Amino acid sequence: MSERVHLAVVGAGPAGLAGALAAASRGVRVTLVDAGDRAGGQFYRQPAPALNARRPQALHHQWRTWRRLADGLARHTEAGYLTHLTGHHVWCVQRESDSLAVHALLGPEQEEGVTVHADAVLLATGGYERVLPFPGWTLPGVVTAGGAQAMLKGGLVLPGRTVVVAGTGPLLLPVATGLAAAGARVAALVESASPAALLRRAPGLAAQPGKLAEGVWYAGLLARHRVPVLARHTVVAAHGTDRLTAVTVAALDRTGRIRPGTARRIPCDTLAVGHGMLPHTDLAETLGCALAGTAVRVDAEQRTDVPGVWAAGEATGVGGAALALAEGHIAGRSAAARMRGTVPDPPAWAAADRARTRHRAFSTALDTVYAPPAGWAERIPDDTVVCRCEEVTAGEVRTAARTLGATDLRSAKLLTRAGMGWCQGRMCAPAVAGLTGCPLTAARRPFARPVPLGVLAGLPDAPDGPKAPGAPEDRAADDSSPAQQ
């Protein structure tokens with residue numbers, strides 16, 4: 001009997017776990033590759049075992065779902081259908097003659113490379129936070145909203161004692177309530193969206209009564225912990241010398257501009273700020289997968305336009321854990337069928353398909369409500385650092401656009417170095433796009449993270465000669481692969 005077909009799943013968050021379990025339960029050999037020390041991703045992030053957390057379920061409101069996923073992971077691992085590789089930081093996925101090679105760096109040092117070969121790949125790479133700059137945003141004590149949540153969930157530590165949670169988006173609610181429940185004083189929840197905008201989207205939001213009930217539950221927690229909620233407000237500046245000591249917030253008018261005379265100063269030692277999420281598409285772009293806006297484009301089976309490559313979760317459009325679970329399940333079942341040479345049976349995953357449709361519609365409605373306020377780029381002073389890696393200011397970016405002719409992110413990068421640093425523009429790209437007035441587009445990179453030269457030098461040459469990861473190949477040569485059927 002020939003060896004079972006092999007699926008590599010990149011990312012062990014909700015989408016990756018759902019996809020891996022769906023494929024493994026249908027006889028496919030699965031390798032789950034993830035950078036974390038434990039499965040779960042950001043949403044199901046768990047405290048380190050050494051911390052001996054007595055009630056880790058208190059950090060999650062979907063604990064039973066997580067337990068089902070964790071139990072399935074353990075069951076399929078014990079049965080030999082699934083291998084879970086932790087501490088593997090994937091920097092590239094490359095097509096070889098008869099397989100796909102997943103290149104990763106090992107451990108926290110990320111100095112040693114390893115390659116996983118598979119017949120097909122499911123990309124469940126998640127998303128990352130969008131942070132918009134303002135004066136003082138580089139001060140110690142200013143963290144992303146997701147970063148504050150990760151500190152609490154993974155390390156059982158508070159980012160500070162007096163916290164302001166600000167920005168826009170549904171993530172602010174669990175961050176504020178989680179910090180308050182853990183003992184921090186949340187001085188304010190500053191949300192730039194308007195409650196009226198939620199009411200205008202009521203018909204679309206009402207299709208998900210569970211989500212609405214969740215919002216009411218969070219509102220109750222905010223009231224219980226006496227967290228002031230400043231709706232239609234925004235952070236104007238952060239203050240401090242060696243670290244954060246206060247923030248200034250102000251009210252927004254109906255057009256999203258600052259209302260004169262509404263600024264107020266709130267003392268705090270921590271600001272947790274975020275303006276939604278963006279899809280992580282680096283690996284998909286390296287493989288040549290087409291994008292729809294800033295997300296990976298997929299069909300009804302979660303297939304990309306590259307044969308043998310599926311994608312699910314936030315990488316295909318930010319929509320939350322429930323949507324990621326549905327997409328991952330569909331992707332895993334589709335991959336299992338096609339890799340084994342059979343035709344998928346969509347009615348078999350009809351429940352997941354219905355959930356996917358509902359959650360996509362819900363997330364689309366939320367996107368219109370929780371968009372960054374209009375005019376945010378106009379409020380950034382010229383001396384505010386926009387690209388932290390290369391210390392590029394807003395004034396330099398504006399000069400590149402107005403005087404030097406920068407018309408897109410790439411030309412702005414070449415003229416200012418914004419985006420050439422360690423993060424490769426992940427942090428500053430939204431700000432640069434806003435300051436130049438150009439669309440926020442994904443930038444194709446050969447590597448998803450910095451790679452030591454020694455790791456690159458140790459890669460074997462392809463049979464037909466050396467080829468850089470991500471180089472275009474003749475897809476017609478792959479038609480015989482079981483993953484292409």
Side-chain angles (χ1 to χ4, degrees), residues 1-12 15-33 72-73 75-85 90 93-102 115-125 283-284 286-290 296-313 315-316 325-353 356 462-464 472-485:
M1 179 181 295
S2 61
E3 186 178 15
R4 294 196 306 267
V5 287
H6 183 196
L7 173 68
V9 178
V10 181
L17 286 170
L21 297 182
S25 65
R26 284 156 183 83
V28 172
R29 183 165 60 98
V30 176
T31 298
L32 181 60
V33 187
L73 179 62
R75 184 171 62 255
H76 288 298
T77 300
E78 184 177 353
Y81 282 94
L82 193 151
T83 302
H84 180 201
L85 302 179
V90 178
V93 180
Q94 178 185 15
R95 182 171 296 286
E96 296 184 343
S97 58
D98 58 352
S99 66
L100 288 160
V102 178
T115 299
V116 175
H117 296 276
D119 299 303
V121 170
L122 167 56
L123 300 175
T125 47
L283 297 179
T286 300
L287 280 163
C289 300
V296 182
R297 189 174 69 197
V298 293
D299 65 8
E301 296 180 28
Q302 299 296 136
R303 293 182 297 174
T304 72
D305 63 333
V306 175
V309 180
W310 281 256
T316 67
L325 288 169
E327 291 186 351
H329 181 79
I330 293 169
R333 293 189 68 145
S334 168
R338 292 193 175 275
M339 292 174 68
R340 298 173 68 180
T342 61
V343 177
D345 181 22
W349 62 68
D353 186 30
R356 178 177 61 179
D464 54 351
E473 301 193 23
D474 182 5
R475 293 183 186 169
D478 300 315
D479 289 344
S480 60
S481 170
Q484 319 310 319
Q485 297 177 5

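All values derive from a computational prediction rather than experimental measurement.
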Colleague: Considering non-hydrogen atoms only, spot the tightest contact between W310 and S334 and give its length.
Modeller: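 Between these two residues, the closest heavy atoms are NE1-OG, 3.0 Å.
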
Colleague: Of all residues at least two apart in sequence or in a different chain, which pass the side-chain contact (heavy atoms from CB on, under 4.5 Å) check with R297?
Modeller: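 Only A290, A292, D305 meet the side-chain contact (heavy atoms from CB on, under 4.5 Å) criterion with R297.
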
Colleague: Can you name the side chain to side chain donor-acceptor pair (under 3.5 Å) partners of R356, sequence neighbours left out?
Modeller: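 Side chain to side chain donor-acceptor pair (under 3.5 Å) check on R356 returns Q302, D353.
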
Colleague: When you look at T31 and V102, which way does the side chain to side chain contact (heavy atoms under 4.5 Å, CB included) test go after all the steps?
Modeller: CA-CA 10 Å; T31 298; V102 178; over 6 Å; no

Colleague: If you round to the nearest 0.5 Å, how far is CG of L32 from CG of L7?
Modeller: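 L7 atom CG to L32 atom CG measures 9.5 Å (nearest 0.5 Å).
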
Colleague: Determine, stepwise, if the pair L73 / H84 fulfils side chain to side chain contact (heavy atoms under 4.5 Å, CB included).
Modeller: CA-CA 8 Å; L73 179 62; H84 180 201; 4.0 Å; yes

Colleague: Do the side chain of T316 and the main chain of V296 share a donor and acceptor less than 3.5 angstrom apart?
Modeller: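 No: the side chain of T316 does not pair with the backbone of V296.
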
Colleague: Look up atom CG in D345 and atom CZ in R333, then write down how far apart they are to the nearest 0.5 Å.
Modeller: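 With rounding to 0.5 Å, CG (D345) is 7.5 Å from CZ (R333).
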
Colleague: Sub-3.5 Å donor-acceptor pair from the side chain of T125 to the main-chain atoms of A315, do we have one?
Modeller: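 The answer is no, because no donor-acceptor pair under 3.5 Å joins these two groups.
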
Colleague: Measuring from R26:CZ to L21:CG, what's the distance to the nearest 0.5 Å?
Modeller: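 R26 atom CZ to L21 atom CG measures 10.0 Å (nearest 0.5 Å).
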
Colleague: Between atom OG of S25 and atom NE2 of H329, what is the distance when rounded to the nearest 0.5 Å?
Modeller: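 If we round to the nearest 0.5 Å, S25:OG and H329:NE2 are 7.5 Å apart.
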
Colleague: Of all heavy-atom pairs between T286 and V93, which one has the smallest distance, and what is that distance?
Modeller: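 So the two residues come closest at CG2-O, 4.0 Å.
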
Colleague: What's the shortest heavy-atom distance between L100 and A120, and which atoms?
Modeller: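 So the two residues come closest at CD1-CA, 3.8 Å.
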
Colleague: Strictly distance-based, threshold 3.5 Å: is any side-chain N or O of H6 a donor or acceptor partner for the main-chain N or O of H117?
Modeller: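 Answer holds: yes.
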
Colleague: Between atom CG of L82 and atom CZ of R29, what is the distance when rounded to the nearest 0.5 Å?
Modeller: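 Between L82 CG and R29 CZ, I get 11.0 Å after rounding to 0.5 Å.
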
Colleague: Which heavy atom of T304 sits nearest a heavy atom of A311, and at what distance?
Modeller: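 For T304 versus A311, the nearest heavy atoms are CG2-CB, 3.9 Å.
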
Colleague: Quick one: side chain to side chain donor-acceptor pair (under 3.5 Å) partners of S99, sequence neighbours excluded?
Modeller: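 By the side chain to side chain donor-acceptor pair (under 3.5 Å) rule, S99 matches no residue at all.
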
